[in-house]
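Being a predicted model, the structure only gives us computed values, none of them experimental. Letters go in sequence order (proteins before strands), and every chain restarts at 1.
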Amino acid sequence: MEAFQLLSRGGVKFDKTRFKDDVRLFNKEKGNSAKRKEAVKYDSGELPAELDFFKYAKGGPAVKRKAGENAEAHDGKRRRVDEDEEDEDDEEDELGREGSDAESSSAQPTQRHRVTAKGSNVPGPADSFEALKERYHLSSRLLTNLASNGFKHPTGIQSHGVPILLEGRDLAAISPTGTGKTLAYTLPVLQALGAPAASAKSTAGAGVRAVILAPTRELAHQIHNEFLRMAEGRKWRIVLFSKATAATLADKNARDKVDVIISTPLRLVASLQNGTLDLSNVRHLVLDEADRMLDTEFLEQVQEVVAACTHPSIQKAVFSATLPAGAEKLAMEMLRDPIRIVVGLKDTPLPLIAQSLTYVADESSKLPTLLTYLSQPYNPPVLIFVSSQPRATSLAEELIINGVPNVDCLHAGMTKKEREDAVTRMRRGESWVMVSTEVMARGMDFKGVREVINYDFPTSVQSYIHRIGRTGRAGREGKAVTYFTNEDAPFLKSIANVILQSGSTVPEWIMKLPKPSKMKRKAMGKVQRGDFVDKARKIGRNDAIKKRDMIAGSKRRKEKAARNGESSEQLENRGGDR
DNA sequence: AAAAAAC
């Protein structure tokens, strides 16, 4: 526990302004002197030099890249793919930076990914932000804010999605992680607001006019930041809904001056049930991470929010990088005459994320494998996913005990402040190794993340796609490693298929594994350690795979053998399970 | 299929 407290040290207040500039620093944009100045200001002032974690990297014991080299390489690559957007939540950051990165890129983002649109009277895409101004009178203020935040060219989801939303249509948008989805709804919502509710000129009626729902606090916070950046210079009241802000809105007068609310569902539902919130004037409702929001655990809450949005001309939109059939059906049912657009291949990670699978025989082999990995040169920060809160805590402790520097931990069991601090350290590049649960899997946009390690196997293809999507954002390269044990074998093939589909390679023997359903049944049926994979190393993979079918019965054999006094070694040589 | 997250 002591070690864990270490994790929560460094009580840096989460500060949006500062955060924004952190992001800029990462981009080390050239040719934007205004931004550069700001960056410099922070560099020499509030922001510690360590913000540039490459410096750390240089001095750190286990880090391979040198300061300049890393950044250079990174920059060069970024140029190749600038246009995709990020996932659901991305900050504009990537996108915007994207713009600056794209300076040398002649390719149009929108041509990079195939975009498919379905629906009636689909508006054509806009090739540039200026085109949005011409076609839809996108406000000069928004254009200015786009430019000052470094957004030069719309990504695929932006050029297709923004016109649809500006025309007031309902939208289901599927676009890979890190391709700028957040901005794709931020712009139209702000454009539609017009005069702030608080201003005398407002004709919008009383009460909040736009609601954005996201599955985690961290993501809601990030979206809020994005809204604030695009709203700069306007008096819109954009509220990140929390217990504290909800309290201040208990007063109806204050409430009626709010333009946009960004919230997690339950928080909103609580206020609705209190009677301290009225959504009858909401004209725009966005579900970010839509498939997650339509999960059974969230569905009821979301439906309650939807039901509370009673304005007849409400526009609804859902965004995600993944949208399984079940979720899509639910989404389509709540939309009116929707347009559905898919950027790239649905449910496929970005090809610029280099993915690999690493076999670790069992749980006990994971930590040594990770420690070995972290003792060699790597690219910080590394984001490590585990399956539960206790495992996140204990893995972080283990890493600290083993001398890994700058380890952080983030899960929903931590206090609000601890969570905020962890995010801040991450944003500043102070974390080299961040151990987290599924809470970080979706939407979070940390530009610097080079590597994702799935220490615990993801529990779904969607989880896999979102987790590894924390890297490779806004056209950058990324690397994702997934550990698998014998117990994960039943789910291995589905992940392997995803990897193949997105252009990375997997060992041939994995693809020869039988159908997941069949394997799963075997795994559930008492095969303790279906360690056929382990055997594969000794006796050749194909043989091992054949033997796998014998594993189910092996326990019985084992018991019998034990009775006969046969050693497990002998058993193993016969190909039976231990 | 299974856990995490939401207050």
Discussion item. Between P on B:dA4 and CG on A:Leu410, what's the gap in Å once rounded to a whole number?
Written reply: 14 Å
Worksheet item: Which of these nucleotides, B:dA3, B:dA5, B:dC7, is closest to any side-chain atom of A:Arg217?
Response: B:dC7
Fill in: A:Met414 CE to B:dA5 C1', straight-line distance once rounded to whole Å
14 Å
Discussion item. When you measure from the side-chain N and O atoms of A:Thr264 to the phosphate of B:dA5, is any distance below 4.0 Å, counting only OP1 and OP2?
Written reply: no
Discussion item. I'd like to know if A:Arg442 and A:Asp291 make a salt bridge, using a cut-off of under 4.0 Å between side-chain N and carboxylate O.
Written reply: yes
Worksheet item: Rounded to the Å, how far apart are A:Phe385 CZ and B:dA5 P?
Response: 11 Å
Practice prompt. Decide yes or no on salt bridge (Lys or Arg N to Asp or Glu O under 4.0 Å) for A:Arg209 and A:Asp259, but give the supporting numbers first.
Written response: CA-CA 5 Å; A:Arg209 283 174 292 158; A:Asp259 295 288; 2.5 Å; yes
Worksheet entry | Euclidean distance, atom CD of residue A:Gln389 to atom C1' of B:dA3 [Å, nearest integer] | 10 Å
Worksheet entry | For atom CD of A:Glu218 and atom C1' of B:dA4, their distance in whole Å | 12 Å
Practice prompt. Salt-bridge test for A:Arg425 and A:Asp421: reply yes if a basic N is under 4.0 Å from a carboxylate O, no otherwise.
Written response: no
Worksheet, complete the sentence: Rounded to whole Å, the CZ-P distance (A:Phe491 to B:dA2) equals 6 Å
Discussion item. Quick check on the 6.0 Å ring-centre criterion: do A:Phe457 and A:Phe491 meet it?
Written reply: no
Worksheet item: With respect to the phosphate group of B:dA6, does any side-chain polar atom (N or O) of A:Arg419 fall under 4.0 Å of OP1 or OP2?
Response: yes
Item to complete: Using the closest heavy atom to pick a nucleotide of DNA chain B for each, name whichever of A:Phe298 or A:Asp295 lands nearer the 5' end.
Response: A:Asp295
Discussion item. Using a 4.0 Å heavy-atom cut-off, does A:Arg391 contact any base of the nucleic acid, only the sugar-phosphate backbone, or nothing at all?
Written reply: nothing
Worksheet item: Using a cut-off of 4.0 Å on non-hydrogen atoms, how would the nucleic acid contact of A:Ser460 be classed: base, sugar-phosphate, or nothing?
Response: base
Item to complete: Whole angstrom is fine here: how far is it from CD in A:Glu297 over to P in B:dA4?
Response: 11 Å
Fill in: Atom pair distance, as rounded to whole Å: CG in A:Asp456 and C1' in B:dA2
12 Å
Discussion item. Side chain of A:Arg267 only, heavy atoms from C-beta on: which candidate in B:dA4, B:dA6, B:dC7 is closest?
Written reply: B:dC7
Practice prompt. Salt-bridge test for A:Glu363 and A:Lys366: reply yes if a basic N is under 4.0 Å from a carboxylate O, no otherwise.
Written response: yes
Worksheet entry | Donor-acceptor pair (no angle test) under 3.5 Å: A:Arg292 side chain, B:dA5 base | yes
Discussion item. Does A:Pro215 reach a base, just sugar-phosphate, or nothing at all? Heavy atoms under 4.0 Å.
Written reply: sugar-phosphate
